[in-house]
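Indexing begins at 1, ligand by ligand and atom by atom, following the structure's order.
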Amino acid sequence: MERTATSGESDTRSSVSLTFDHEMSTAEVESLRRSLGARTALHVPPGVGAAFARARRIGFAQSCCPEVGALMSVLAAAVPGGGRILELGTGAGVGLAWIVHGLRGRTDVEVVSVEIDPRKSAAAADAPWPEGVTLVVGDARNLLPSLGRYDLIFLDIPGQLKASLLDDTLTALKPGGQLLIDDMNPYWDQGATRRPRYAGAPERVLEDPRVVCTLLPYATGMILASRLFGEESA
Ligand SMILES: C[S@@+](CC[C@H](N)C(=O)[O-])C[C@H]1O[C@@H](n2cnc3c(N)ncnc32)[C@H](O)[C@@H]1O
């Protein structure tokens with residue numbers, strides 16, 4: 001079981017979520033949630049639990065939180081056959097495990113995940129990824145223009161790098177494709193302990209004429225964007 005700080009809100013109840021990587025009944029999970037005063041309690045799939053264990057092993061604490069990963073699962077499940085998914089920033093493979101969980105064994109979707117740090121990529125590679133998953137070691141800023149186009153992109157590299165990659169990321173989205181950007185919590189600068197990692201840039205995404213966006217102000221905060229059809233030259 002993990003306790004994860006997920007927001008900068010002041011009351012304790014809403015700032016903690018619980019995640020479980022082993023089998024417990026729904027009643028047991030709910031009872032623990034209430035007794036600990038946690039906001040949410042989520043089961044994580046076994047592949048995600050294993051990825052969290054790899055992250056702990058290498059001392060990596062920046063894996064996406066379960067609420068964000070679970071959303072990536074949902075979005076991955078909607079990618080059509082022959083589709084492509086890209087993750088920018090593999091870490092230890094937690095987000096990737098959520099994506100694979102959403103695909104439910106499908107091998108008709110290609111998944112590419114890019115990580116600049118060979119040590120983290122090696123940790124992520126230490127898992128039985130299904131056919132169709134490729135881990136790439138390299139700098140997303142150099143690689144992105146040559147990686148082709150995608151139905152779903154998870155932009156999860158740190159801070160201002162997101163801003164510098166934004167244009168190429170939107171270009172890499174197919175019409176109708178979806179983009180999830182993590183760490184967009186707009187409340188971090190209002191008395192929160194964590195500073196916003198992407199100050200100023202979320203507004204730019206929300207106003208880009210190529211996409212329709214919304215801010216999802218829960219967990220670490222996300223922007224979800226859909227690329228418009230017929231906007232190739234925008
Ligand atoms: C927030 S973590 C990613 C977490 C991962 N997506 C997950 O869900 O568990 C950000 C990762 O981006 C990697 N990174 C930083 N700069 C990068 C770059 N220029 N290209 C690719 N990866 C980069 C970091 O090494 C780090 O592992």
Quiz item: Is it the side chain (CB and beyond), the backbone, both or neither of Trp98 that lies under 4.0 Å from ligand 1, heavy atoms counted?
Solution: neither
Quiz item: Of all the atoms in ligand 1, which lie at a distance below 4.0 Å from a heavy atom belonging to Glu87?
Solution: 5 (C), 6 (N), 8 (O)
Quiz item: At a 4.0 Å threshold, what atoms of ligand 1 neighbour a non-hydrogen atom of Cys64?
Solution: 7 (C), 8 (O), 9 (O)
Practice problem: Could you tell me whether the side chain of Lys120 and the main chain of Gly89 form a donor-acceptor pair under 3.5 Å? | Solution: no
Quiz item: N/O to N/O below 3.5 Å, does that happen between Asp183 and ligand 1?
Solution: no
Quiz item: Atoms of ligand 1 less than 4.0 Å from Pro158 heavy atoms?
Solution: 12 (O), 14 (N), 15 (C), 16 (N)
Quiz item: Donor-acceptor pair, Arg227 side chain versus Val211 backbone, under 3.5 Å?
Solution: no
Quiz item: Should you measure from each heavy atom of Gly91, which atoms of ligand 1 turn up under 4.0 Å away?
Solution: 27 (O)
Quiz item: Which atoms from ligand 1 have a heavy atom of Lys120 less than 4.0 Å away?
Solution: 24 (C), 25 (O), 26 (C), 27 (O)
Quiz item: For the side chain of Asp151 and the backbone of Arg84, is there at least one donor-acceptor N/O pair under 3.5 Å apart?
Solution: yes
Practice problem: Pick, from Ile99, Leu161, Asp156, the option with the minimum heavy-atom distance to atom 16 (N) of ligand 1. | Solution: Leu161
Self-check item: Nearest option to atom 8 (O) of ligand 1, as decided by whichever heavy atom of Gly95, Ala124, Ala140 sits closest
Solution: Gly95
Quiz item: Counting each atom of ligand 1 from 1 as listed, which ones have a heavy atom of Phe60 under 4.0 Å away?
Solution: 2 (S), 27 (O)
Quiz item: Would you say ligand 1 has an N or O under 3.5 Å from any N or O of Asp117?
Solution: no
Return all side-chain donor-acceptor pairs below 3.5 angstrom for residues 96-105, not counting sequence neighbours, or 'none' if the list is empty.
residue	atom	partner	partner atom	Å
His101	NE2	Arg104	NH1	3.1
Arg104	NH1	His101	O	2.7

Self-check item: Atom indices of ligand 1 within 4.0 angstrom of Val94 heavy atoms, with elements
Solution: 9 (O)
Quiz prompt | Side-chain touch Val94/Phe60, heavy atoms, less than 4.5 angstrom | solution = no
Quiz item: Can you check whether Leu152's main-chain N or O pairs, donor with acceptor, with Gln178's side chain at less than 3.5 Å?
Solution: no
Self-check item: Element-labelled atoms of ligand 1 that are located less than 4.0 Å from some non-hydrogen atom of Gly138
Solution: 20 (N), 21 (C)
Quiz item: Does Ala92 come within less than 4.0 angstrom of ligand 1, counting non-hydrogen atoms of the residue?
Solution: no
Exercise. For ligand 1, find out whether one of its N or O atoms is nearer than 3.5 Å to an N or O atom of Ile116.
Key: yes
Quiz item: Is the closest basic N to carboxylate O distance between Asp167 and Arg210 below 4.0 Å?
Solution: yes
Practice problem: Mind checking the CG-CG spacing from Leu180 to Asp156? Nearest 0.5 Å is all I need. | Solution: 8.5 Å
Quiz item: Does Ile58 offer a backbone N or O that forms a donor-acceptor pair with the side chain of Arg119 under 3.5 Å?
Solution: yes
Quiz prompt | Atom pair CG (Leu88) and CD1 (Ile116), whose distance is rounded to the nearest 0.5 Å | solution = 11.5 Å
Exercise. Would you check the N or O atoms of Gly89, main chain and side chain alike, for any that come under 3.5 Å of an N or O of ligand 1?
Key: yes
